[in-house]
**Student:** 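Have a look at this one.
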There are 2 protein chains.
Amino acid sequence: MKKIRILAIVGSLRKDSYNRQLALAAQEVIGDRAEFTLLEYQDIPFMDQDIEYPAPEAIKRVRDVVKYADGIWFFTPEYNHFFPGVLKNLIDWLSRPISDKEPPLLAGKPAAISGISPGMAGTSLAQDH
Amino acid sequence: MKKIRILAIVGSLRKDSYNRQLALAAQEVIGDRAEFTLLEYQDIPFMDQDIEYPAPEAIKRVRDVVKYADGIWFFTPEYNHFFPGVLKNLIDWLSRPISDKEPPLLAGKPAAISGISPGMAGTSLAQDH
């Protein structure tokens, strides 16, 4: 049976981020029952419609990783009653159409949310998917 | 009488952004009745607690401009039921304490919000202030 491919996206860039630690703990628990990858995305630019087409290289790379995943698992802290700008920026990119013919990658992608502040982030993300 | 100093912060980086145009139109209407400045902040890094102290140069520059202002006027579009990640990231920075002795710059700073999606953004920003 094909292994489920889970992509973990951590909302904090801090190296010792609690949410990053939580993602790594989840990976350990899952073991070899699924493919579990952590998305590295701190090199992506701010979303700007002026640079959207063609997409920057870092965005293309991130899109490939997201496309490959069967589902996304967010691990995110809360800053100012919402998830961090760094994660919001990533979601702004992923929710944009890739081209005239390709819909946004997040459309229809299963997602789960964990973290120390699932409340508001949960609601907002749910609306994206 | 001292002129009120208004700092306009536009939530979109796009050069022809409607919200940027709205800010410039507001500037024209205000004329010389107030000092009106547009914040340039697209060079700031993603908020990351690992690089917070001492603050990066771009953050120091932005903080000086914000400190100088009597009030902030946000002009922001809505992406995914919230303001863009680029603006969220700026607010994450501005809502952090500058040091042990200096509170965040946004605390107590008067603010107004305009744009095509004042609803949810308005609520969230209001909570910051």
Side-chain angles (χ1 to χ4, degrees), chain A residues 9-20 40-53 56 58-59 62 74 76-97 104-107 111 117 119-129, chain B residues 9-20 40-53 56 58-59 62 74 76-97 104-107 111 117 119-129:
Chain A
I9 299 183
V10 176
S12 163
L13 297 181
R14 195 163 64 93
K15 279 194 192 64
D16 297 328
S17 153
Y18 293 125
N19 280 285
R20 192 180 181 89
E40 299 296 339
Y41 67 98
Q42 63 190 79
D43 58 336
I44 69 170
F46 287 122
M47 165 67 202
D48 176 355
Q49 283 166 283
D50 286 337
I51 62 168
E52 194 174 8
Y53 303 108
I59 295 298
V62 163
F74 293 95
T76 184
E78 182 176 303
Y79 293 174
N80 298 309
H81 319 289
F82 202 72
F83 44 86
V86 51
L87 176 55
K88 177 64 169 66
N89 182 62
L90 174 68
I91 290 172
D92 288 344
W93 273 111
L94 293 179
S95 63
R96 296 285 298 174
L105 279 175
L106 286 186
S117 61
M120 172 132 177
T123 305
S124 305
L125 280 169
Q127 291 175 356
D128 285 341
H129 292 102
Chain B
I9 299 182
V10 175
S12 164
L13 296 182
R14 195 161 64 91
K15 279 192 194 64
D16 298 326
S17 153
Y18 293 125
N19 281 286
R20 192 179 181 90
E40 299 296 339
Y41 67 98
Q42 63 188 81
D43 57 337
I44 71 171
F46 286 123
M47 166 64 203
D48 176 354
Q49 283 166 285
D50 286 337
I51 62 167
E52 194 174 7
Y53 302 109
I59 295 298
V62 163
F74 292 95
T76 184
E78 183 176 303
Y79 294 173
N80 298 310
H81 318 289
F82 202 71
F83 45 86
V86 51
L87 176 56
K88 178 64 169 64
N89 182 62
L90 173 69
I91 291 172
D92 288 344
W93 274 110
L94 293 178
S95 63
R96 297 284 300 174
L105 279 175
L106 286 187
S117 61
M120 173 133 176
T123 304
S124 304
L125 280 170
Q127 290 176 357
D128 285 341
H129 290 103

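A, B, ... follow the sequence lines: proteins, then strands. Residue 1 opens every chain. Side chains are part of it too, since the values below use all heavy atoms of this structure and drop only hydrogens, waters and symmetry mates.
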**Student:** Tell me which of these, A:Asn89, A:Leu90, A:Ile51, A:Asp50, has more heavy-atom pairs under 4.5 Å with chain B than the rest.
**Tutor:**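 The residue among A:Asn89, A:Leu90, A:Ile51, A:Asp50 with the greatest pair count is A:Asp50.
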
**Student:** Using every non-hydrogen atom in the two residues, find where B:Phe46 and A:Ile44 come nearest and quote the distance to one decimal.
**Tutor:**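 Taking B:Phe46 first and A:Ile44 second, the nearest heavy atoms are CE1-O, 3.3 Å.
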
**Student:** Side chain, backbone, both or neither: which part of A:Glu52 has a non-hydrogen atom closer than 4.5 Å to chain B?
**Tutor:**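 Contact with chain B: none, neither part.
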
**Student:** Could you tell me the separation between the CG atom of B:Asp48 and the NZ atom of A:Lys15, rounded to the nearest 0.5 Å?
**Tutor:**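 Result: 7.0 Å between the selected atoms.
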
